[in-house]
Amino acid sequence: MSEDFDYYEILGVEKSATAEELKRAYRKKAMKYHPDKNQGDDEAEVMFKRVNEAYQVLGEEEKRAIYDRYGKAGLEGGMGAGGGGGFADFGDFADIFDSFFGGGSSRRQRKPRERLDIAVDMMLDFSEAVFGTTKELEYAYYKSCSSCGGNGGTRETCGYCQGQGQVFQRQGFMTFSQTCPKCHGEGSAIKDACDSCGGEGRVKVEDTITVDIPEGIDNGHRLRVSGKGNIGKSGSRGDLYVNIHVREDDQFVRHDDIIYLEVPIFFTLAALGGKIKVPTIRGEQEVSIHKGIKDKEQLLIRGEGVRNVRTGMKGDMVVQVKIE
C-alpha cells in the first residue's frame, strides 16, 4: 500500500490542474529528483518514486477520477502495491532523459558505428619477446566495396522496423528498444545485392606488414599499428592491434621482468661452499655458493632479468638452489 501523501501536493499543482499542467509539473519534479542528478541521495530517490506514482494516477483520466472521489483506497487492487513507482507515459520519461543527455533517446534511430579497428594474435618465442625482433605478419582487413559504394547494392526501407533502425517492446509500464535484427540499425535493407561484395558492402583484402617487436614485450601485451585497420565508407582507416602470446622456455621462467632459474648442486658444494657458473638469458655468470646453503635457497643476480618495455630498466635474475 502507498504511503500517506497527496498526489497533487507531490506534483505541486491544484486539483483543478489541466492535463498539460500536470505533465509540465511532472517533468519538472522528475528532473529535480532524478537519480542521475542526485546520486547517493536517499530522500531524492524516495521523492522520485512518489512523483512517478502521483503522475501514474493523475496522468490517466479514469484513475484520476477514482482518486478524486475515493482517494488511494479506491485505487487499491487496480494499481498493485501503490503502482510500484512506474511511469504513466514512457514518452514523458524519454523527453526527460533527452533533457539530461542532450537528446538521442531510444526512440531515435541509432546506426551502428563501423568497426574500423581490428585485432590479430601473434605468437613469439621466448627469446624474441625478451630481446625484441621484427616479424612479418599476414592478416586481412576490409574496405568499402567500390562497386556499390559500401551500400551492399540497391536498398529499400526496412519493413521490419519501418526505417527506424530499432524495434520496441513494451513490458508493463516500461518500453525497451533494441537494434533491428533485420537491417542491423541501418533503417534500410538490401533489395538487389551487389555482385562484387554479395551485399556485404565491403570486400576482404589480404596484406602482409612488418611489425617491430620491442625488447621486453610480454605475454598479454598488445601492440598498436596505426592506420592498418579496416577502411570505412568515408575513407577513414582504423588501427591494427596485435595481441602478443609468448611460448614458455625449457630452462628459464619469466615473471614480469624477473627471470627465475633452478640450479642443481652437489651436496658437497652445499656443505663446503664454492663458485659455479650458471646460464643467464645473456650468457654465463659466476655465482658464489656460501657454506651451508639450504635447499631451495634463492640467490639474486642484479640486472640479469628482462629489460622493461616501458622504462628500459633491467630486472633481476633469481637463482634457486636444488641440492642433489
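Scope of the values below: all heavy atoms of this structure, side chains included, with no hydrogens, waters or symmetry mates.
R224 places no side-chain N or O within 3.5 Å of a backbone atom of S226 that could act as its donor or acceptor partner. In this structure, R155 contributes its side chain and S188 its backbone to a donor-acceptor pair below 3.5 Å. Panel note: side chain R254, backbone E248; no donor-acceptor pair is recorded below 3.5 Å. Panel note: side chain E45, backbone D42; no donor-acceptor pair is recorded below 3.5 Å. A distance-only check finds no donor-acceptor pair linking the side chain of N151 to the backbone of G153 [under 3.5 Å].
Contact annotation: the side chain of I259 never approaches that of T280 to less than 4.5 Å [non-hydrogen atoms, C-beta and beyond]. Taking 4.5 Å as the limit, some side-chain heavy atom of V167 sits within range of a side-chain heavy atom of C161. You'll find the side chain of L261 reaches within 4.5 Å of the side chain of V263, heavy atoms only. The side-chain heavy atoms of D125 and D249, taken from C-beta on, include no pair separated by under 4.5 Å. S236 is not listed as a side-chain neighbour of I231, based on a closest heavy-atom distance of 4.5 Å or more. For the pair C145 and S196, the minimum side-chain heavy-atom distance is below 4.5 Å. When side chains are defined from C-beta on, L240 counts as touching I209, because their heavy atoms get closer than 4.5 Å.
For NE2 of H245, the number of neighbouring non-hydrogen atoms (other residues, nucleotides, ligands) closer than 6.0 Å is greater than 12. More than 12 heavy-atom neighbours from other residues, nucleotides or ligands sit within 6.0 angstrom of CG on D207. Counting non-hydrogen atoms of neighbouring residues, nucleotides and ligands closer than 6.0 angstrom, the CE atom of M123 exceeds 12 such neighbours.
Going from atom CD of Q164 over to atom OG1 of T179 covers 12.5 Å, rounded to the nearest 0.5 Å. Note that CD of E200 and OH of Y142 are 7.5 Å apart. Values are rounded to the nearest 0.5 Å. Atoms OG and CZ, on S144 and R202 in that order, are 10.5 Å from each other to the nearest 0.5 Å. Atom CG of residue L58 and atom NZ of residue K15 lie 10.0 Å apart, to the nearest 0.5 angstrom. For the atom pair OH (Y8) and CD (E14), the distance works out to 10.5 Å, reported to the nearest 0.5 Å. Here I66 contributes atom CD1 and E61 contributes atom CD; the two are 11.5 Å apart, rounded to the nearest 0.5 Å.
Under the 4.5 Å side-chain heavy-atom criterion for Ile, Leu, Val, Met, Phe, Trp and Tyr, V306 and I244 are members of distinct hydrophobic clusters. When hydrophobic clusters are built by joining Ile, Leu, Val, Met, Phe, Trp and Tyr residues whose side-chain heavy atoms come closer than 4.5 Å, directly or via intermediates, V309 is not grouped with Y241. No single ILVMFWY cluster, assembled from side-chain heavy atoms under 4.5 Å apart, contains both V203 and Y141. In the hydrophobic cluster analysis, where Ile, Leu, Val, Met, Phe, Trp and Tyr join through side-chain heavy atoms closer than 4.5 angstrom, V253 is grouped together with I258. No chain of hydrophobic side-chain contacts below 4.5 Å, direct or via other Ile, Leu, Val, Met, Phe, Trp or Tyr residues, connects L300 to I289.
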Donor-acceptor pairs are to be reported for all side-chain atoms of residues 314-324 against protein atoms at under 3.5 Å, with residues two or more places apart or in another chain.
| residue | atom | partner | partner atom | Å |
| --- | --- | --- | --- | --- |
| D316 | OD1 | G303 | N | 2.9 |
| D316 | OD2 | R302 | NH1 | 3.0 |
| Q320 | OE1 | Q298 | NE2 | 3.0 |

Which pairs would a plain distance check flag for residues 212-223, meaning a side-chain donor or acceptor within less than 3.5 Å of a matching protein atom at least two apart in sequence or in another chain?
| residue | atom | partner | partner atom | Å |
| --- | --- | --- | --- | --- |
| E215 | OE2 | R307 | NE | 3.3 |
| N219 | OD1 | V246 | N | 3.0 |
| H221 | ND1 | D218 | N | 3.1 |

With a 3.5 Å cut-off and sequence neighbours excluded, list the donor-acceptor pairs that the side chains of residues 130-139 form with protein atoms.
| residue | atom | partner | partner atom | Å |
| --- | --- | --- | --- | --- |
| K135 | NZ | E128 | OE2 | 3.4 |
| E136 | OE2 | T210 | OG1 | 2.6 |
| Y139 | OH | K228 | O | 2.8 |

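The nearest pair of heavy atoms linking V51 to A30 is CG1-N, 4.0 Å. Here the shortest heavy-atom pairing between R64 and S16 reads NH2-C, 4.1 Å. Closest approach of G232 to L116, counting heavy atoms only: N-CD2, 3.5 Å. The nearest pair of heavy atoms linking A25 to V13 is CB-CG1, 3.5 Å. Residues T157 and Q162 share a closest heavy-atom pair of CG2-C, 3.9 Å.
At a cut-off of 3.5 Å, with distance as the only test, a side-chain donor of Y26 or N52 sits close to an acceptor on the other residue. Under 3.5 Å, the side chains of S288 and K275 contain a donor-acceptor pair of N or O atoms.
Ring centers of Y260 and F252: at least 6.0 Å apart, outside the cut-off.
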Going through the checks in order, is the side chain to side chain contact (heavy atoms under 4.5 Å, CB included) test met by K63 and Q56? CA-CA 8 Å; K63 288 183 179 179; Q56 185 183 17; 4.3 Å; yes
Using the rule given for side chain to side chain contact (heavy atoms under 4.5 Å, CB included), can you reason through V225 versus D239, listing the C-alpha separation, both sets of side-chain angles and the distance that settles it, and then say yes or no? CA-CA 6 Å; V225 184; D239 298 327; over 6 Å; no
Residues V278, I301; criterion side chain to side chain contact (heavy atoms under 4.5 Å, CB included); working and verdict: CA-CA 11 Å; V278 299; I301 305 178; 4.1 Å; yes
Kindly determine whether E304 and Q285 satisfy side-chain hydrogen bond (donor to acceptor under 3.5 Å, both in side chains), including the steps that lead there. CA-CA 9 Å; E304 280 301 329; Q285 281 273 7; 3.2 Å; yes
Is there a side chain to side chain contact (heavy atoms under 4.5 Å, CB included) between D6 and Y67 once you walk through the steps? CA-CA 10 Å; D6 186 86; Y67 176 76; 3.3 Å; yes
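Geometrically, R50 engages F5 in a cation-pi contact, judged by NZ or CZ lying under 6.0 Å from the ring centre and within 45° of the ring axis.
The residues E53 and K49 are annotated as not salt-bridged, no charged nitrogen and carboxylate oxygen being separated by less than 4.0 angstrom.
H34 and F48 have perpendicular rings, their planes meeting at more than 60° on a 0 to 90° scale where under 30° would count as parallel.
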